[in-house]
S.K.: 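Handing you this structure, nothing more for now.
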Amino acid sequence: MKSFSKSFFKKDTIAVAKALLGKLLIRETPSGLIVARIVETEAYLLDDPASHSFNGRTPRNAPMFGVSGKSYVYFTYGMYNCLNVTTNKKGVGEAVLIRALEPVEGIEIIKRNRGNVEEKNLCNGPGKLTIAFGITKEENDIDLLDEGSELRLMATGKARDFEIVETTRVGISKATEIQQRFYIKRNKWVSSK
DNA sequence: ACATCGATCTACT
DNA sequence: GTAGATCGATGTA
């Protein structure tokens, strides 16, 4: 494993959304470490009507307009949280939504957090993976590149060994034609929809 | 004050 | 495999 360079997330958001596939999300919990591989992402750009940042900066989406490489956690459906990684320069409101994870380590903790669900359903959706990782608005706007963070990202140091599928995004009512959802081809941990 | 937005689970077929 | 039920936060008027 190796850390990311700060500049990694300043690249254009679509490139980051693709580059995040195969990278590791790490969570420190009181009961131990959880590690999972990112297998599905979506890019949300500044000029995108489906993006929270489309109508400008507000208290909720402020992390998207801050520096890159931080978390943006938002609450949806009155019961779920979703995790994004901020991208691009300060002042440019863009982010990548993490949609699905493949458990690598700490799967017993994930199972305890998720309750009685099938193994493949543990982290195959943005609301599911935040439950699995115990992520709430407490984890909003934290530095995902700092090794001291309880939630952080790591690169693997390995070359990419999978193909990326590009398709339309899930669960949005605007800009549904934009193909900015990316996932690892033939990976069984990708969300079903 | 009110309209808009969206992920998951359950129960059933 | 799928239809239906579930709610609160947000932003604008």
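Here is the naming used below: chain letters follow the sequence lines, and residue numbers restart at 1 for every chain.
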S.K.: Is Glu42(A) paired with Arg169(A) through a side-chain N to carboxylate O contact shorter than 4.0 Å?
M.R.: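 Salt bridge flag = no for Glu42(A) with Arg169(A).
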S.K.: 5'-most contact on DNA chain B: Asn121(A) or Ile172(A), nearest heavy atom basis?
M.R.: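 It is Ile172(A) whose nearest nucleotide is closer to the 5' end.
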S.K.: Would Lys128(A) and Asn124(A) count as having a side-chain donor-acceptor pair, cut-off 3.5 Å?
M.R.: yes
S.K.: Mind checking whether Tyr77(A) and Tyr80(A) have parallel, tilted or perpendicular rings, split at 30° and 60°?
M.R.: perpendicular
S.K.: What's the NZ-P distance between Lys174(A) and dT4(B), to the nearest Å?
M.R.: 10 Å
S.K.: Can we say Arg181(A) and Glu40(A) salt-bridge, meaning some charged N sits less than 4.0 Å from an Asp/Glu carboxylate O?
M.R.: yes
S.K.: Which part of the nucleic acid, if any, lies within contact of Lys137(A), taking any heavy atom under 4.0 Å across all strands shown: a base, the sugar-phosphate backbone alone, or nothing?
M.R.: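 Answer is nothing: Lys137(A) stays at 4.0 Å or more from every strand.
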S.K.: To the nearest 0.5 Å, what is the distance between CG (Leu101(A)) and CG (Leu122(A))?
M.R.: 10.5 Å
S.K.: For Leu97(A) and dC5(B), what is the distance between atoms CG and C1' respectively, to the nearest whole Å?
M.R.: 14 Å
S.K.: Could you walk me through whether Val39(A) and Tyr183(A) pass the side chain to side chain contact (heavy atoms under 4.5 Å, CB included) test, one step at a time?
M.R.: CA-CA 6 Å; Val39(A) 299; Tyr183(A) 63 86; 6.0 Å; no
S.K.: Quick one, give me the B/S/- string for nucleotides 6-13 of chain C, reading 5' to 3', where B means a protein heavy atom under 4.0 Å from the base and S means that only happens at the primed atoms, P, OP1 or OP2.
M.R.: BBSSSS--
S.K.: May I have the distance from Ile131(A) (atom CD1) to dA7(B) (atom C1'), rounded to whole angstrom?
M.R.: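 Ile131(A) atom CD1 is separated from dA7(B) atom C1' by 9 Å.
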